[in-house]
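The structure appears right after this line, and notes come after that.
The chain is numbered in sequence order, starting from 1. Read the numbers this way: they start at 1 and go in the same order the structure lists the ligands and their atoms.
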Amino acid sequence: MPSSRNCPTARRFGRRALLSFSLALLAACSDSPTVANPLPSATGTAPKPVTTFAPMTADGTELPTETFAEWQARFREQALRAHIRPEVFDQAFNGVSPDPAVIAADRSQPEFSRPVWEYLDSAISPTRVRRGQGLLAQYGDVLAQLEQRYGVDRQALVAVWGMESSFGQIQGDKSVIRSLATLAYEGRRPAFAQDQLVAALQILQNGDITPERMIGSWAGAMGQTQFIPTTYNSHAVDFDGDGRRDIWGSAPDALASTANYLAASGWQKGQPWGFEVQLASGFDYAQADASLRKPVSQWLAEGVRLPPGASLPAGSGNLQAALLLPAGYRGPAFLILDNFRVVLKYNNSSSYALAVSLLAQRFKGGGYVVGTWPRDDLPLSRSERIELQTLLTANSHDAGNPDGIIGANTRKAIRAAQQARGWPADGYPTHQLLQSLRGQ
Ligand code: CA
């Protein structure tokens, strides 16, 4: 799987489209080279296979220079060279045509994003917590075996399950072959989609699932774990022993596959994900940077405090931690440890990892945030973020490519502009900063 250079998040359903930019906005760059299900806009590494000047749409997207049938014939040869049997290919592509809804989703760039507190409100709703607690009891035996085999805590497994597919209830309803064929033919990342399509054909050839039952999101994230096909091939597990890795229909297979992925990503059993903290007045907010890690004990010596009545999770004093301010200095603060970074490898968004972590904690009766969210401070819209980036760069604070995605470069530029104004340098994009830059 390709690296996710803009710290993207995987957003797989139309209902989640509005989330995508707030998540991208808050994404913490992980060192991870892979994520289980990267954002459709995360760029593949291979170059786009274009041979001539291609016509473009109004937004600059290149249109295909060949018909779908021509593309399919060409791709069939490529698949056969990758050892896909002709009959497997022909059965999978029987009656397949491009899906306009997939193209619409691939090209959509939502203007407005959802604040992190609203995202968390729905991600860790009382209904989801109760349902997860019920499933922890129902699958207690399976989860105990998974903890033993993979060393991944059961609450984390069920939390990921809840976040990815509402515990298997929402897996997407699109044909994975049709979606990926559409994206390979005319999506924004054709090389990535082609790789996924070959992997999907390998899954069919292996006999794990039939083409009709191979369903997922418009972006090709599949089943209860929302694995993309290459992640499936590297990490899916047949845990119930029927000889098929069925992440669609078998909860034990789905939970084991998630456990296998988290274990391979470095999960450490029993270690806390992190914990909420409070910051002394005058604290240097520029230290809230995913790449700045120090032992918990050092943070505590430098003005980071536990909320009243809270105690330090056992054994965490010597662990490396980074400071996370998901809504800037006015909102709650967290110290995040290694297992938080492991969750980012599943889905590279700090909002997602926070939701998984708090949900897992809430299954055990905790996970309530003490700090208050700045609910009067709505996130910038996409065009405002682009304007902010453009103005930052024009004012000698290089924010990189003005793409509306608040990545490491933009954060650095925001900090510099905040410092120049004597403001708390939390790197968080606000209307206040945008207005100040407009006035210059
Ligand atoms: Ca199975």
Side-chain angles (χ1 to χ4, degrees), residues 1 10 12 34-37 83-85 87-89 91-92 131-132 134-180 196-217 219-265 267 269 342 345-347 356:
M1 222 162 334
R12 298 164 296 277
T34 63
V35 289
N37 42 14
H83 308 293
I84 301 299
R85 292 194 301 273
E87 65 273 20
V88 170
F89 186 97
Q91 192 199 349
R131 197 160 145 60
L135 291 163
L136 277 158
Q138 184 183 338
Y139 289 99
D141 291 345
V142 168
L143 291 163
Q145 291 173 55
L146 293 176
E147 279 186 340
Q148 195 156 30
R149 183 177 300 183
Y150 296 101
V152 180
D153 300 87
R154 64 185 72 196
Q155 290 83 7
L157 292 177
V158 175
V160 169
W161 193 22
M163 289 299 297
E164 290 300 324
S165 63
S166 276
F167 312 108
Q169 288 185 314
I170 302 173
Q171 304 184 25
D173 57 2
K174 292 196 165 295
S175 155
V176 168
I177 295 294
R178 186 185 186 200
S179 296
L180 290 174
Q196 295 305 320
L197 193 48
V198 170
L201 291 166
Q202 286 165 346
I203 295 165
L204 294 175
Q205 179 157 294
N206 195 40
D208 284 305
I209 192 85
T210 60
E212 302 73 47
R213 284 192 57 225
M214 188 187 233
I215 57 164
S217 74
M222 311 184 301
Q224 304 192 31
T225 59
Q226 291 289 287
F227 278 180
I228 56 173
T230 48
T231 301
Y232 178 100
N233 279 337
S234 56
H235 290 92
V237 171
D238 169 29
F239 191 75
D240 62 18
D242 71 349
R244 294 180 305 113
R245 304 184 290 172
D246 184 3
I247 60 171
W248 296 266
S250 165
D253 284 10
L255 288 165
S257 299
T258 296
N260 190 33
Y261 190 87
L262 293 177
S265 302
W267 186 271
K269 186 169 181 296
V342 170
K345 294 179 186 177
Y346 208 102
N347 184 339
V356 165

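- Protein N/O/S atoms found under 3.0 Å from the Ca ion (ligand 1): D238 OD1, D240 OD1, D242 OD1, R244 O, D253 OD2.
- Checking each of Q196, H235, Q202 against T230 for a side-chain hydrogen bond (donor to acceptor under 3.5 Å, both in side chains) leaves exactly one that passes, namely Q196.
- Of the N and O atoms on the side chains of D153 and W267, at least one donor lies less than 3.5 Å from an acceptor on the other residue.
- Salt bridge R213/D246: present, at least one basic N to carboxylate O contact under 4.0 Å.
- Contacts of R85 classified as side chain to side chain donor-acceptor pair (under 3.5 Å), with partners at least two apart in sequence or in another chain: E87.
- With rounding to the nearest 0.5 angstrom, the CD1 atom of I247 is 4.5 Å from the CE atom of M222.
- One distance of note links CD of Q91 with CD of E212; it measures 6.5 Å at 0.5 Å rounding.
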